[in-house]
Every structure is written in structure tokens, then in C-alpha cells.
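I have placed the structure first, in the form of C-alpha cells, so that the comments after it can refer back to it.
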Amino acid sequence: MSDQPLSKVNMDKIVSLCKRRGFIFQSSEIYGGLGSCWDYGPLGVELKRNIKDAWWQATVQQRDDMVGLDAAILMHPQTWVASGHIEGFSDPLVECKSCHRRFRVDEIEGESCPSCQGELTEPRLFNLMFKTFLGPVEDDAEVIYLRPETAQGIFVNFQNVLATTRKKLPFGIAQIGKAFRNEITTGNFIFRTREFEQMEIEFFVKPGTDEEWFNYWIEERLQWYVKLGIRRENLRLRQHTGEELAHYARSCSDIEYLFPMGWGELEGIANRGDFDLVQHAAYSGKSLVYFDEDSGEHFTPYIIEPSAGVDRSALAFLLDAYDEEPDKEGIRVVLRLHLDLAPVKVAVLPLSRKEELIRVAEEIYADLRKCWIVQYDDAQSIGRRYRRQDEIGTPFCVTIDFQSLENHQVTIRERDTMRQIRLPIAELKSTLTAKLGGEPLEVLPPGGSKWLGFED
Ligand code: GAP
């Protein structure tokens, strides 16, 4: 398989589209920006919400063996001693004695500073957790950390969830939330940042069944990306070698995506064994053992952890959806996002700004907004407006014209094919519901017909 992405997209095009259309802005831009921090704009926030909803639906709502959790970002400092993050979550760094820039040891070749050729210090370990203080006193005793992963909030709540849900093994706990890492090397837009969001599952199983569940989750999670539209050839699995394995992992496989800069991790699936529950039991003095009523055994469950990044998923979905095709005016840019992920589901476009048309269009707009995120646009030619919606991935445009006033019919135009159908306004909501659920455009509602109307 080639390591070069073949598509029409590159990172510059996506960064520019994201800024121009309000998906993603640089954080604190008016102050010159803050390194590797990004803000999600009006469309980005919808895309991210749709990704998280799709994940929650697949992993919690549609399963009987999963429940959700939303643990605090700030946790007892002992958590990070038990988890191994205080000791092990660090990168060896060298500093240039001239320009004082810091580099990860594994990133430099040779003996001198890659930036100014200055002399480098000996490597020092640099912990990636952000420190802060609890309460008003900036005292060593009050040091706490911003969580570098959401997982630990799940482990420390294992007994709480077990006791309150009466779940039996195998079962999982899912959580979506922010995580923070003072990464040395950031970049590639939202690929590696210091503040990001994770979607993590901790799936508790009986020891001995762990390999089977590990393989199950790899396939399940891979299919999730494919179902949401990522091309299979742009995804691959990569197993970690012994040296790469995190301190807690018995085995780990990454789901990687072919980003413009090469293959990069989207999600890691790890077999964490009993490491976490054993550690937290030892440091807290609380039993985290499971009693299996069927066999009468007591044991510490093993944990399978599929851990995905919301921001990296958003980047992969945007890159994979981006398409360009020639048209009359040059190039049509289309974001072929999956229907479930598209930030705006429907655009309402009156053909002109005549009052009678606007009145009908606004009524339709108000009605559709009860169901979906809908945009209203009456500026410039209809062709331009279709293009604007194509570029942000809106699956359907509804056009209201002068005939609509007479026969109460409107047009639906489909993003991907640019084909159109004409239908009674009374059928509009139910038809859009069906189309957004995946029904082909050719399936016509009562009173509907194919349409060769407004030029693109
Ligand atoms: N609990 C296990 C864990 O945190 P990880 O591989 O370090 O494992 C899981 O992180 C996922 O979180 C990654 O696959 C990636 O999608 C996302 N992620 C990790 N560090 C990130 C960063 N600095 N910026 C953006 N996403 C990140």
C-alpha cells in the first residue's frame, strides 16, 4: 500500500476551508494565537458534536453491555502516582544552550541544535502533565494535574458503576471528555495539540477472554470509521512492537489513517490486563475485585481499552470527505461528509428576495429548524448558494420559487449528485427525514417528481 495519499486534498486546503467557513480557528487569534490550541467555530462544533453522538450511539445507546460516565477533569493526585503517569509519562528532552529551544531526544539527529547548531544539554525527563494548584495556596502540597487521559476517571469509578448498575462481566464504561498534554512536538493542525478530546471505552472482561475481546474491539472500531464514510484503503491497523508498548499494555494495535503527512494514529486499542485496577486497589486500599456469581470466583477483571481522539477523527473525516470536481465556473469543492456527520443538514434557499417568496421560505425554515441544524441563505445567485452549501457538506438544499406560491411545491437538491426532485411542501419534512436516513433520492414521496430545474 502506498504511503502517499492520492486524493485531491492537502492540509493547507483543509486549514483554509476550516478558517474561511467557520469550522476551526486558531485559539486567541487576536493576540497572535496560542501554540497548538484551536477553537471550533459554528460549523466545527456541530461536526464534533455529530462525531461524538455517532460514537455514543454506537458504543452506549445501541449496546446492552455498556454504560456512560462523565468524570471530573481534576482528580486526586494519588491517581497519577498509581497510574504510573508521575513516573512514566515523560519524554527525554535536550535544550540548546544558545537558543534555549527544547527537542525530544528521538527527534534530533547528530549532536547539535537542529535550529541554530548550538551545543545541547544532557537529556532531562520532562513530564507531559499540566500542573496546577487546588485552592488559593500555591503550595507543593496542593499540586494537582489536568488529566492526560479520561481513562483514569473510569477505573476509579469501577466499583461505583458496578454497584449502581448491577452490570455483569463482560461490560464496558464509555466516556467522552477533554484531556491535556504538554506535548513538546505539536502540529499538523488539530492532529497533535495540547488540549484535546478523547472518546474512551474501558471494557472489563474475565482474564482468559481478553484476547478474544481485544480482537473484537479492533474490528468493531475499524468498522465504525468505515460506516461513517472513511475509505477502507485510507485506514490500516498497526500492532505495537514490544518496545513501543505503554507501561500498562500487554498488547496494543493502532487504527491509523493516511493523513497528508503520512500514516498517523486515529485510535489505540490496548489490552491493559489488570494493571489499572490492581494499582488503584493498592494505592487506595479499596478492593477492586469482581465477584463472579456464576462461578463463585473472585478476580480482578482485565481491561480492553479502545481510545479514540475526537479532534483527530474530525480531521480524518474532513480530509476523507474533501473533493473537487470541474464545473462551469472552475472547481466545485464538495465535502462529501456522511449524512450523520454533516454540520448543517438542510439549507433553505428562496430563489429571489421577493416578499411573497421570503414569507414561505421563512416558514419552511422555522419548521425544519425544529428537527435539524438548518441554514437560510438568500444572498447571490442560486448557483453560488449551492456551491457554498457543497463546500460545508450540506446534504440537501430546499429551493422555493415563484411556482411554489401557486402549487405549494418546492425542490430538494442533493449535494453529491446535484440531482433534484420536486415535491409538495406538506411532504417536505417526512421526505427529508427519509433522505437523511439514507433513502435514495429517486424514491419519490406522494405528489413528487424528478426535476431538471435550477441550473447549478
Ligand atoms: N487512555 C489511553 C490513551 O490515552 P493514547 O494513544 O495516548 O492512549 C488515545 O491516546 C487517542 O487520543 C489517540 O489515538 C489520539 O486520537 C488522541 N490523542 C492523544 N494525544 C493527542 C494529542 N496530543 N492531540 C490530539 N489527540 C491526541
Side-chain angles (χ1 to χ4, degrees), residues 59 65-67 69 71-73 75-91 125 127-129 145-162 167-175 177 179-181 198-218 221 238-255 265 267-292 297-309:
T59 58
D65 56 359
M66 294 276 291
V67 289
L69 185 79
I73 287 174
M75 297 183 70
H76 193 287
Q78 277 297 95
T79 309
W80 309 112
V81 182
S83 69
H85 282 83
I86 293 286
E87 206 178 339
F89 196 54
S90 38
D91 277 344
L125 282 179
N127 196 292
L128 299 181
M129 282 195 294
Y145 299 91
L146 301 188
R147 66 181 179 198
E149 59 174 11
T150 65
Q152 301 300 325
I154 299 182
F155 304 141
V156 301
N157 274 297
F158 172 64
Q159 283 297 6
N160 281 338
V161 173
L162 204 57
K167 285 278 172 208
K168 289 186 177 169
L169 254 53
F171 83 97
I173 305 177
Q175 174 166 228
F180 303 82
R181 296 182 191 176
Q198 290 186 313
M199 305 182 282
E200 296 204 293
I201 298 167
E202 306 301 331
F203 201 77
F204 302 88
V205 304
K206 189 172 182 177
T209 64
D210 47 313
E211 272 309 301
E212 197 185 311
W213 280 107
F214 177 61
N215 292 327
Y216 166 85
W217 276 111
I218 291 175
R221 292 300 307 141
R238 195 181 66 80
Q239 207 178 346
H240 283 211
T241 59
E243 279 176 5
E244 269 180 285
L245 280 179
H247 60 276
Y248 51 74
R250 299 165 75 90
S251 48
C252 185
S253 278
D254 288 343
I255 298 175
E265 176 187 339
E267 168 159 356
I269 295 116
N271 179 349
R272 298 181 73 123
D274 60 5
F275 178 85
D276 305 280
L277 293 181
V278 166
Q279 286 291 104
H280 285 301
Y283 279 81
S284 67
K286 301 283 185 324
S287 168
L288 298 176
V289 163
Y290 176 79
F291 175 62
D292 187 350
E297 289 171 278
H298 286 89
F299 57 83
T300 304
Y302 275 19
I303 295 174
I304 308 301
E305 177 194 65
S307 172

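- Within the structure, side-chain hydrogen bond (donor to acceptor under 3.5 Å, both in side chains) pairs that include any residue of residues 275-290 comprise Gln152-His280, Arg272-Asp276 (at least two apart or interchain).
- Looking at heavy atoms from C-beta onward, Val205 lies out of side-chain contact with Phe214 at the 4.5 angstrom threshold.
- Glu200 and Ser307 form a side-chain donor-acceptor contact under 3.5 Å, judged by distance and modelled atom types alone.
- Rounded to the nearest 0.5 Å, atoms CG (Leu169) and CZ (Phe299) are 5.0 Å apart.
- Closest non-hydrogen pair, Gly309 versus Met199, comes out as O-CE, 4.3 Å.
- Between Tyr145 and Ile86 there is a side-chain heavy-atom pair separated by less than 4.5 Å.
- Crowding of Gln239 atom CD: a count of heavy atoms from other residues, nucleotides or ligands under 6.0 Å not exceeding 12.
- Using a 4.5 Å heavy-atom cutoff, the side chains of Ile304 and Tyr216 are not in contact.
- Contact detail for Ile201 and Thr59: the closest heavy-atom pair is CD1-CG2, 3.6 Å.
- The closest side-chain heavy-atom distance from Ile173 to Asn157 is not below 4.5 Å.
- Taken from CD1 in Ile255 to CD1 in Ile218, the straight-line distance is 8.0 Å, to the nearest 0.5 Å.
- In this structure, Ile154 and Ala174 approach most closely via the heavy-atom pair CD1-C, 4.4 Å.
- Taking OG of Ser253 as the start and CD of Glu265 as the end, the distance is 10.5 Å to the nearest 0.5 Å.
- In this structure, the separation between OG on Ser251 and CG on Asn215 is 8.5 Å, given to the nearest 0.5 Å.
- Ring-plane geometry between Phe275 and His247 is classed as perpendicular, the angle between the planes exceeding 60 degrees on a 0 to 90 degree scale with a lower cut at 30.
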Practice task
Please test Phe203 against Met66 for side chain to side chain contact (heavy atoms under 4.5 Å, CB included), starting from the C-alpha separation and ending with a verdict.
Solution key: CA-CA 8 Å; Phe203 201 77; Met66 294 276 291; 3.8 Å; yes
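- Annotation: the span from Glu211 atom CD to Asn271 atom CG amounts to 5.5 Å, rounded to 0.5 Å.
- Panel note: side chain Arg181, backbone Pro148; a donor-acceptor pair is recorded below 3.5 Å.
- Between the side chains of Thr241 and Glu244, at least one donor-acceptor pair of N or O atoms lies under 3.5 Å.
- A distance of 7.5 Å separates CZ in Arg147 from CZ in Phe180, rounded to the nearest 0.5 Å.
- Under the 4.5 Å side-chain criterion, counting only non-hydrogen atoms from C-beta, Glu202 is not in contact with Gln175.
- Side-chain contact between Asp65 and Lys167 is absent, with no heavy atoms from C-beta onward closer than 4.5 Å.
- Classification of the His85-Trp80 ring pair by plane angle, with boundaries at 30° and 60°, yields perpendicular.
- The two residues Gly273 and Arg250 make their nearest non-hydrogen contact at CA-CD, 3.4 Å.
- The closest side-chain heavy-atom distance from Asp274 to Pro207 is not below 4.5 Å.
- Of all the heavy atoms in Pro170 and Trp213, the pair that sits closest is CG-CZ2, 3.5 Å.
- Between Phe155 and Leu288, every side-chain heavy-atom pair lies at or beyond the 4.5 Å cut-off.
- Scored by the ring-ring contact (aromatic ring centres under 6.0 Å, His included) test, Phe158 finds Phe204 as partners (sequence neighbours excluded).
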